[in-house]
Amino acid sequence: MRVEGDQGKIARDLLAHYDVHARRLPWRAPPGANAADPYRVWLSEIMLQQTTVAAVAPYFARFTARWPDVMALAAAEDAEVMAAWAGLGYYARARNLLACARAVASGHGGAFPDTEEGLRALPGVGAYTAAAVAAIAFGRRAVVVDANVERVVARLFAIATPLPAARAEIRAAADTITPEARAGDFAQAMMDLGATICTPRGPACGICPLRGDCAAFRTADPAAFPVKAPKKAKPHRLGHAWWMERADGHVWLVRRPDKGMLGGMRALPTSDWGAAPDPAPPVAAGWETLPDPVMHVFTHFSLALTVHHAHVDGDPPGEGEWWPIDRIAEAGLPTLFRRAAEAVMKERRDARH
DNA sequence: GATGCGTGGCG
DNA sequence: TCGCCAAGCAT
């Protein structure tokens with residue numbers, strides 16, 4: 001049972017502000033248009049998981065131009081989709097994206113389920129995404145809680161319990177302010193507010209449409225909410241990568257296993273990360289080593305990747321493919337290996353001059 | 001509940 | 001410079 005009364009004011013205040021200040025985003029239906037296309041809503045929500053609007057925008061444009069509907073995406077080759085996703089990160093999303101598209105295409109006749117429960121059963125669709133698609137694409141009342149909503153709600157109600165333990169409390173509070181009508185607009189309005197006004201640091205309370213409803217605004221430090229548990233330090237790891245180049249201008253690329261770091265992506269052959277300091281190269285050759293390792297920070301560790309390069313003749317052992325170096329940009333390498341490739345090519349340019 | 005999983009921008 | 005953070009999900 002939701003509490004009526006004062007909480008209804010929050011949705012009214014926020015939606016009035018949203019009607020004037022909503023961000024125009026490629027996956028949003030323009031004001032007054034028909035409901036948003038579920039395919040585009042779903043695709044954008046997957047891409048936006050832990051990813052900023054600015055980073056997603058060009059990927060969304062390329063995906064929708066190339067695969068305009070779920071049937072087209074379902075028919076795509078795995079390698080094409082993985083390469084198109086390269087650089088966006090969290091590559092399990094791309095594998096689940098394809099699995100989801102194929103499930104919708106084969107199991108639902110190409111139509112997305114229109115309920116939270118139905119959506120939640122799809123690969124890569126969790127509690128947040130199911131609620132967001134149900135609300136935004138299908139107009140259902142759903143309690144949509146992402147990191148923006150967590151922050152806004154924690155401030156509105158001055159919730160002092162640290163995250164992540166506060167999740168249930170925050171969701172219950174979000175439930176009390178979610179309206180029956182326009183739940184999709186309400187969700188997007190909350191996320192707009194969190195992205196542009198109720199920001200993690202330096203919130204712009206002076207222009208916030210909800211400051212009159214906000215318990216944190218009445219404290220000395222609204223930005224102190226939400227309270228967060230301290231994070232663990234990232235360990236540092238060491239790794240080695242091998243650039244094997246054939247005389248005809250091709251480099252040897254492998255495909256990483258589906259599970260684990262950069263799963264399913266094309267890559268240079270590497271050692272285990274954090275393994276022996278001097279692992280054996282894949283083949284005997286005249287190896288040279290770049291003077292500086294490629295430094296890269298992942299979610300839970302940082303990596304110094306030492307890059308070795310050599311010219312080789314025959315195929316290295318194991319699965320792989322020879323890729324034309326002048327088309328390396330089309331290989332869909334994740335950022336770590338894109339940087340390693342750039343470092344090798346820069347070294348070769350410098351060596352010639 | 002905790003952990004593994006990318007990347008780029010920001011103050 | 002560097003830690004924080006982002007429209008989370010799977011296990």
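All chains are named by letter (A, B, ...) in the order of the sequence lines, taking the proteins before the strands, and each is independently numbered beginning at 1.
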Heavy-atom contacts under 4.0 Å between residues 37-58 of chain A and DNA chain B, which residues?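 When residues 37-58 of chain A is checked for heavy atoms under 4.0 Å from DNA chain B, the hits, listed by number, are A/Gln50, A/Thr51.
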
What parts of residues 88-95 of chain A reach DNA chain B, counting only heavy atoms under 4.0 Å away? A/Leu88, A/Gly89, A/Tyr90, A/Tyr91

Atom-to-atom span, [atom1] of [X] to [atom2] of [N] - whole angstrom:
X        : N     : atom1 : atom2 : result
A/Phe301 : B/dG4 : CZ    : C1'   : 10 Å
A/Met261 : B/dT3 : CE    : P     : 17 Å
A/Leu336 : B/dC5 : CG    : P     : 13 Å

Once the angle between the rings of A/Phe112 and A/Trp42 is folded into 0 to 90°, is it parallel (under 30°), tilted (30 to 60°) or perpendicular (over 60°)?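 Ring orientation, 0 to 90° scale: tilted.
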
OP1 or OP2 of C/dC5 sitting under 4.0 Å from any side-chain N/O of A/Lys231? yes

N/O (side chain, A/Arg339) to phosphate O (OP1/OP2, B/dG8) under 4.0 Å: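 Answer is yes, contact under 4.0 Å.
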
What nucleic acid atoms does A/Ala147 come within less than 4.0 Å of, heavy atoms only: base, sugar-phosphate, or nothing? sugar-phosphate

Check every strand shown and say whether A/Lys232 touches a base, only sugar-phosphate, or nothing at a heavy-atom separation below 4.0 Å.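 It contacts sugar-phosphate atoms only.
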
If each of A/Lys259 and A/Arg201 is mapped to the nucleotide of DNA chain B with the nearest heavy atom, which maps nearer the 5' terminus, i.e. the 5' end? A/Lys259

Return yes if the base of B/dG6 and the side-chain atoms of A/Thr335 contain a donor-acceptor N/O pair under 3.5 Å, otherwise no. no

